[in-house]
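Residue numbers start from 1 in every chain, and the chains themselves are labelled A, B, ... in the order their sequence lines are given, proteins ahead of strands. This one's a predicted model, so the numbers in the text were calculated from it and none came from an experiment.
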Protein chains: 2
Amino acid sequence: MNIASILLVDDHPMLRKGVAQLISLEDNLNVMGEVGSGDEAITFAIEHAPDLVLLDLNMKGLSGIETLSALKRAKVNSKVVIFSVSDSESDVLQALKFNADGYLLKDSEPEELIEKINHALAGEFVISEPLTQILAKSLRPQSKINTFDSLTQREMENLKLIASGKSNKEIALKLGITEATVKVHNKNLFKKLGLKSRVEAAMLAVEHKVSF
Amino acid sequence: MNIASILLVDDHPMLRKGVAQLISLEDNLNVMGEVGSGDEAITFAIEHAPDLVLLDLNMKGLSGIETLSALKRAKVNSKVVIFSVSDSESDVLQALKFNADGYLLKDSEPEELIEKINHALAGEFVISEPLTQILAKSLRPQSKINTFDSLTQREMENLKLIASGKSNKEIALKLGITEATVKVHNKNLFKKLGLKSRVEAAMLAVEHKVSF
DNA sequence: CGTTAATTACCACTAAAGTAGTAGTTTGCT
DNA sequence: AGCAAACTACTACTTTAGTGGTAATTAACG
């Protein structure tokens with residue numbers, strides 16, 4: 001196996017040194033460069049095409065996510081693994097959304113870090129153990145389904161049909177009621193949920209993973 | 001710590017025995033019962049309220065998912081962990097959707113199984129290692145983003161704003177163009193994607209995880 | 001037996017959304 | 001230079017959506 005080149009991106013030089021040291025102990029890994037900002041990371045990555053970029057999330061200047069996004073847009077052929085202290089759901093999900101190749105926590109054990117980096121290099125998506133629950137949670141029906149508790153059956157049916165792209169006329173046909181009645185249900189459900197339009201209703205429905 | 005009671009649900013007696021044996025070796029775990037079908041599982045669970053149900057997915061009669069769904073509906077206060085050979089995305093996602101408390105693969109190492117069961121009992125969501133990638137994948141933007149390749153920049157912007165619930169007027173304001181122009185863009189993008197309304201556009205956008 | 005909530009339905013509008021066709025600019029490509 | 005694509009804008013409609021108010025029917029609750 002070849003030696004894999006790694007770019008460290010973090011605005012804390014101390015931490016960079018620590019990680020660099022750790023990585024340098026591995027025979028098959030090589031720290032190709034260290035930079036302290038997103039801008040530098042992008043420049044460096046485009047220039048040198050490292051096999052993997054270990055990217056801090058909370059940086060001054062360009063944020064980690066922005067950097068990630070820029071790297072992916074630039075079609076840099078490097079794996080990009082987020083390396084962060086944050087275990088917040090939104091951070092993890094954002095990273096996923098922008099196609100990070102992994103998300104590792106800074107408080108991981110050194111051995112775990114090395115292991116996961118190797119897996120990431122092999123093309124696997126890697127994520128620190130404690131985050132699996134977050135992933136799972138975000139895929140579940142939100143408990144916020146309570147939001148819909150105030151809706152009557154009919155209103156709920158309307159909501160689902162709206163979210164499946166149906167017009168009022170089609171809904172009326174499907175439910176065997178008049179379009180006027182459909183409008184009444186819509187009006188009421190909009191008011192209950194504080195919505196302005198059927199589009200908002202549809203989006204709310206998917207957010208809360210209403211099953212159609 | 002108390003001894004946790006476990007119900008095994010699997011239509012293969014041999015496998016049940018194997019797992020039962022494995023579990024019985026643990027001091028803090030106790031196999032409270034073994035059943036071979038979803039129906040029996042539901043009856044048993046309601047009757048005896050085990051701390052955890054280890055539930056096979058592919059059973060004759062009531063499927064594992066149906067059983068899971070029934071158990072959750074019945075508000076049985078047991079953790080339900082799926083125990084399956086299937087690592088297919090749809091199975092895992094379905095299990096999540098119906099609020100399984102975990103998803104473990106039958107080819108897990110015995111130690112891992114025991115460990116994960118304990119974690120599940122402690123309230124954690126558990127999942128076999130190889131499945132983390134599946135979870136991650138299903139959260140990512142589908143590669144189908146190609147669908148939107150035919151759209152121009154402006155059409156794309158319109159799409160995003162539509163999907164964020166904005167009206168044509170609001171879109172016009174935001175983009176600094178007239179409402180008439182917004183309608184033109186909408187018309188064109190609807191035609192390109194074969195859509196009938198902005199609601200369909202919005203739904204397509206979320207399906208493909210367009211970033212807003 | 002009242003009362004309330006849910007469902008249905010109409011009317012009368014106002015406001016959005018969507019469709020068709022025409023057309024002027026700019027930009028990039030040949 | 002010439003063409004195509006993208007972006008802009010307008011006119012003129014037609015269709016959907018959404019709001020407000022009124023009201024009858026039914027089922028559930030106390």
Side-chain angles (χ1 to χ4, degrees), chain A residues 73-75 144-208 210-212, chain B residues 73 75 145-208 210-212:
Chain A
R73 269 202 312 277
K75 301 214 187 301
K144 292 179 198 167
I145 284 187
N146 306 326
T147 318
F148 300 117
D149 279 0
S150 60
L151 298 189
T152 68
Q153 262 197 302
R154 252 352 194 185
E155 286 162 356
M156 199 65 188
E157 291 181 84
N158 260 358
L159 176 59
K160 287 176 188 172
L161 291 168
I162 284 175
S164 71
K166 301 252 182 308
S167 69
N168 289 341
K169 194 178 290 184
E170 292 171 312
I171 295 173
L173 197 66
K174 189 131 193 169
L175 299 183
I177 57 183
T178 68
E179 194 181 335
T181 305
V182 172
K183 286 186 178 182
V184 172
H185 291 318
N186 286 351
K187 197 199 319 182
N188 294 334
L189 86 85
F190 289 175
K191 180 166 277 178
K192 283 183 184 174
L193 301 178
L195 304 171
K196 284 185 306 186
S197 70
R198 63 205 295 105
V199 180
E200 288 193 350
M203 300 311 279
L204 190 70
V206 287
E207 254 181 56
H208 292 356
V210 173
S211 24
F212 306 115
Chain B
R73 269 203 311 277
K75 301 212 187 302
I145 285 187
N146 306 327
T147 319
F148 301 117
D149 278 359
S150 60
L151 299 188
T152 66
Q153 258 199 301
R154 255 346 198 188
E155 286 162 356
M156 200 65 187
E157 291 181 83
N158 262 340
L159 176 59
K160 289 176 188 173
L161 291 169
I162 284 175
S164 70
K166 301 256 184 304
S167 68
N168 289 340
K169 194 177 292 182
E170 292 171 315
I171 295 173
L173 197 66
K174 189 130 192 169
L175 298 184
I177 57 183
T178 68
E179 195 181 333
T181 305
V182 172
K183 286 185 178 184
V184 172
H185 290 318
N186 286 351
K187 196 199 325 180
N188 293 334
L189 85 86
F190 290 172
K191 180 167 277 178
K192 282 182 185 175
L193 301 178
L195 304 171
K196 285 185 306 188
S197 69
R198 63 204 295 106
V199 180
E200 287 193 352
M203 301 311 281
L204 190 71
V206 286
E207 254 180 56
H208 293 357
V210 172
S211 26
F212 306 117

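Here chain B contacts DNA chain D (any atom closer than 4.0 Å to a heavy atom, that is under 4.0 Å), and the contacts span D:dA6 to D:dC10 from 5' to 3'.
Among the atoms of the strands shown, base atoms are found under 4.0 Å from some heavy atom of B:Thr181.
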Give every pair of a protein N or O atom and an N or O atom of nucleotides 13-16 of chain C that lie under 3.5 Å apart, one pair per line with the distance.
{"unit_1": "C:dA16", "atom_1": "OP2", "unit_2": "B:Lys169", "atom_2": "NZ", "d": "3.3"}

Contacts under 3.5 Å, N or O only, protein and nucleotides 25-30 of chain C:
none

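Here A:Thr152 reaches the OP1 or OP2 of C:dT7: one of its side-chain N or O atoms lies under 4.0 Å away. Residue A:His185 has a polar side-chain atom (N or O) positioned under 4.0 Å from OP1 or OP2 of C:dT8.
Partners of B:Leu173 under the side chain to side chain contact (heavy atoms under 4.5 Å, CB included) rule, at least two apart in sequence or in another chain, do not exist in this structure. Applying the side chain to side chain contact (heavy atoms under 4.5 Å, CB included) criterion to A:Lys187, with sequence neighbours excluded, gives no partner residue.
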Inset, instruction - Would you please test A:Leu175 and A:His185 for side-chain contact (heavy atoms from CB on, under 4.5 Å) and show each step? - result: CA-CA 12 Å; A:Leu175 299 183; A:His185 291 318; 5.7 Å; no

Inset, instruction - Begin from the C-alpha positions of B:Asn158 and B:Leu151 and carry the test side-chain contact (heavy atoms from CB on, under 4.5 Å) through to its verdict. - result: CA-CA 10 Å; B:Asn158 262 340; B:Leu151 299 188; over 6 Å; no

Legend entry - Step-by-step side-chain contact (heavy atoms from CB on, under 4.5 Å) determination, A:Thr181 to A:Arg154: CA-CA 10 Å; A:Thr181 305; A:Arg154 252 352 194 185; over 6 Å; no

Inset, instruction - Output, in order, the C-alpha distance, side-chain angles, deciding distance and verdict of side-chain contact (heavy atoms from CB on, under 4.5 Å) for B:Leu161 and B:Val182. - result: CA-CA 11 Å; B:Leu161 291 169; B:Val182 172; over 6 Å; no

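Across B:Ala202 and A:Met203, no two heavy atoms sit closer than the pair CB-SD, 3.7 Å. Of all non-hydrogen atoms in B:Leu193 and B:Ser150, the two that sit nearest each other are CD2-OG, 4.5 Å. Heavy atoms only, all atoms of each residue included: A:Thr152 and A:Glu155 are closest at N-OE1, 2.9 Å. A pairwise comparison of heavy atoms in B:Ala201 and B:Leu195 identifies CA-CD1, 3.5 Å as the closest pair. For the pair B:Gly165 and A:Ser197, the tightest heavy-atom approach, listed with the atom from each and the gap, is O-OG, 4.4 Å.
Although no hydrogens or angles enter the test, the distance criterion places no donor-acceptor pair under 3.5 Å between the side chain of B:Arg198 and the main chain of B:Asn186. In this structure, B:Glu200 contributes its side chain and B:Lys196 its backbone to a donor-acceptor pair below 3.5 Å.
Relative to the side chain of B:Phe190, the nucleotides C:dT7, C:dG18, C:dA9 differ in distance, and C:dG18 lies closest.
Atom CG in B:Leu195 sits roughly 10 Å away from atom P in C:dT19 (whole-Å rounding). Between the CD atom of A:Gln153 and the C1' atom of C:dT8 there is a distance of 15 Å, rounded to whole Å. Look at CG on A:Leu175: it is 11 Å from P on C:dT7, rounded to the nearest Å. Atom CE of A:Met156 and atom P of C:dA5 are 21 Å apart (whole Å). For the pair A:Ile177 CD1 and C:dA6 C1', the interatomic distance rounds to 12 Å; values are reported in whole Å. What separates CG of A:Leu151 from C1' of C:dA5 is a distance of 14 Å, to the nearest Å.
If you find the closest nucleotide of DNA chain D to A:Lys166 and to A:Lys191, the one lying nearer the 5' end belongs to A:Lys166.
Rounded to 10°, the angle separating the first-five-pair axis and the last-five-pair axis of the helix from C:dC1-D:dG30 to C:dT30-D:dA1 equals 50°.
Salt bridge B:Lys160/B:Glu157: absent, no basic N to carboxylate O contact under 4.0 Å.
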